[in-house]
Amino acid sequence: MYTPAKTTPAVIEFVDIAGLVKGASKGEGLGNKFLANIREVDAIVHVVRCFENDDIVHVEGSIDPLRDIETINLELIFSDMEMLERRIDRTAKALKGDKGLQTELDFFKRVYAVLEEGKPARSVECTPEEAAMLSTVSLLTAKPVIYAANLSEADFTGGSPERNPHFAKVEQLAAGENAEVLPICAQLEADIADMDGEEKTLFLSELGLEHSGLDRLIQKSYHLLGLISYLTAGPQEVRAWTITRGTKAPKAAGKIHTDFERGFIRAEVVPFETLMECGS
């Protein structure tokens, strides 16, 4: 409709990190460097192996996604416990001069008790005030998670990954954790990574797929983080802007420029179908 000089899509950044090993919280493998890298992210995508293949050796010698998930989760929990201990100590010392911190101290002790049980911080039920307190401590297990279940090509393209018992277990675990699950086939993703648009579309349609795994991962990530895009359009540029779902129009305008938020007058709404019919 606008044939702009420039098109700027929405951007979501994935930070790819080598696998975590048992003992990472104590410095094994990449250890704390790994943990520091993921402490800054908004959500964690945990790739879990759900396929059997004798030619690809698993570090533990067998395929068991629940064991692998538990290994990672425990390392994240140990790291969080260490961080929360320091916060509890600081708050306890500050309490002597500010009795108002008692609520915060009690809450952090409750979160610590949950971590001690081997459960992630995101499983703690929080009031809005408690959620705000929790956000002041950068806990790894408080971050939302997508389990990307890596399947064989046969299981993935067969149309029902649930038939794979490993995948079914991951799905069950995720439901209890308020996490998302995405079936994916890394082998297929590697195959299509170097294809151009038309070739990729043809290849996917032959497999009965509409979108690549990466596209579905992006959609899943947006959903998990409660994000949506809106567009500004004109002959110079059509651009996607990322906002949190439910953001009011003035604040969304402020994403482009703070002046737009300050000087906001009104939003006029027309259905998308009308825009298409009118052509502008």
Side-chain angles (χ1 to χ4, degrees), residues 1-14 41-45 128 131 143-149 151 156-162 167 171 174-175 178-185 188-189 191-280:
M1 188 185 290
Y2 291 95
T3 55
K6 185 182 178 190
T7 303
T8 308
V11 173
I12 184 162
E13 184 181 2
F14 291 94
V41 301
D42 297 308
I44 295 172
V45 180
K143 296 180 189 297
V145 169
I146 298 172
Y147 290 113
L151 302 166
F156 182 71
T157 56
S160 51
E162 292 78 11
F167 178 78
E171 220 174 16
N178 291 327
E180 299 263 358
V181 183
L182 178 73
I184 204 163
C185 175
L188 281 178
E189 292 303 306
D191 290 343
I192 64 175
D194 298 324
M195 294 180 186
D196 61 31
E198 201 175 313
E199 190 184 5
K200 186 191 287 189
T201 305
L202 188 63
F203 182 75
L204 289 171
S205 67
E206 283 173 2
L207 294 171
L209 302 170
E210 282 184 47
H211 304 287
S212 72
L214 181 59
D215 287 343
R216 289 184 300 112
L217 180 59
I218 289 168
Q219 288 166 353
K220 199 74 125 166
S221 301
Y222 259 56
H223 178 255
L224 186 73
L225 294 169
L227 302 175
I228 58 169
S229 291
Y230 75 90
L231 309 175
T232 49
Q236 289 179 319
E237 182 184 28
V238 167
R239 178 170 182 155
W241 303 84
T242 302
I243 53 171
T244 304
R245 184 179 294 282
T247 300
K248 300 270 170 62
K251 195 168 177 61
K255 186 89 174 175
I256 302 168
H257 202 289
T258 49
D259 286 355
F260 289 1
E261 186 172 358
R262 277 199 299 269
F264 193 87
I265 299 167
R266 64 176 177 175
E268 290 188 79
V269 182
V270 296
F272 179 70
E273 290 72 20
T274 308
L275 174 69
M276 295 305 288
E277 279 168 29
C278 297
S280 85

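The shown structure was predicted, so the numbers you read here are calculated from the model rather than taken from an experiment.
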**OP:** Before giving the answer on side-chain contact (heavy atoms from CB on, under 4.5 Å), spell out for L207 and F156 the whole-Å C-alpha distance, their side-chain angles and the decisive distance to 0.1 Å.
**Re:** CA-CA 10 Å; L207 294 171; F156 182 71; over 6 Å; no
Taking all atoms of both residues into account, what is the closest heavy-atom pair of [X] and [Y], and its distance?
| X | Y | result |
| --- | --- | --- |
| L182 | G213 | CD2-O, 4.2 Å |
| T247 | A252 | CG2-N, 3.7 Å |
| G234 | P4 | O-CB, 3.5 Å |
| A240 | A10 | CB-N, 3.4 Å |
| F260 | A253 | CB-O, 3.6 Å |
| A179 | Y147 | CB-CE1, 3.8 Å |

Original post:
Between I256 and Y230, does a side-chain contact (heavy atoms from CB on, under 4.5 Å) hold up when you go through it step by step?
Top reply: CA-CA 11 Å; I256 302 168; Y230 75 90; 3.3 Å; yes
Can you tell me how far apart [atom1] ([X]) and [atom2] ([Y]) are? Round to the nearest 0.5 Å.
| X | Y | atom1 | atom2 | answer |
| --- | --- | --- | --- | --- |
| E237 | K6 | CD | NZ | 5.0 Å |
| L204 | E210 | CG | CD | 10.0 Å |
| L217 | E180 | CG | CD | 11.0 Å |
| E13 | S221 | CD | OG | 12.5 Å |
| T244 | Y222 | OG1 | OH | 10.5 Å |
| I192 | C185 | CD1 | SG | 9.5 Å |

Subject >> Test applied, side-chain contact (heavy atoms from CB on, under 4.5 Å); reference residue, T258; option that passes from E261, R262, K255 >> reply: R262
**OP:** Tell me, with the steps shown, if I44 and I146 meet side-chain contact (heavy atoms from CB on, under 4.5 Å).
**Re:** CA-CA 6 Å; I44 295 172; I146 298 172; over 6 Å; no
With a 6.0 Å cut-off (strictly less than), is the heavy-atom count around [atom1] of [X], excluding the residue itself, greater than 12?
| X | atom1 | answer |
| --- | --- | --- |
| Q236 | CD | no |
| E206 | CD | yes |
| M1 | CE | yes |

Original post:
Any donor and acceptor pair, going by atom type alone, linking the side chain of R216 with main-chain N or O of P183 inside 3.5 Å?
Top reply: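 Yes.
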**OP:** Could you give me the CA-CA distance, side-chain angles and deciding distance for F14 and I218, then say whether side-chain contact (heavy atoms from CB on, under 4.5 Å) is met?
**Re:** CA-CA 9 Å; F14 291 94; I218 289 168; 3.9 Å; yes
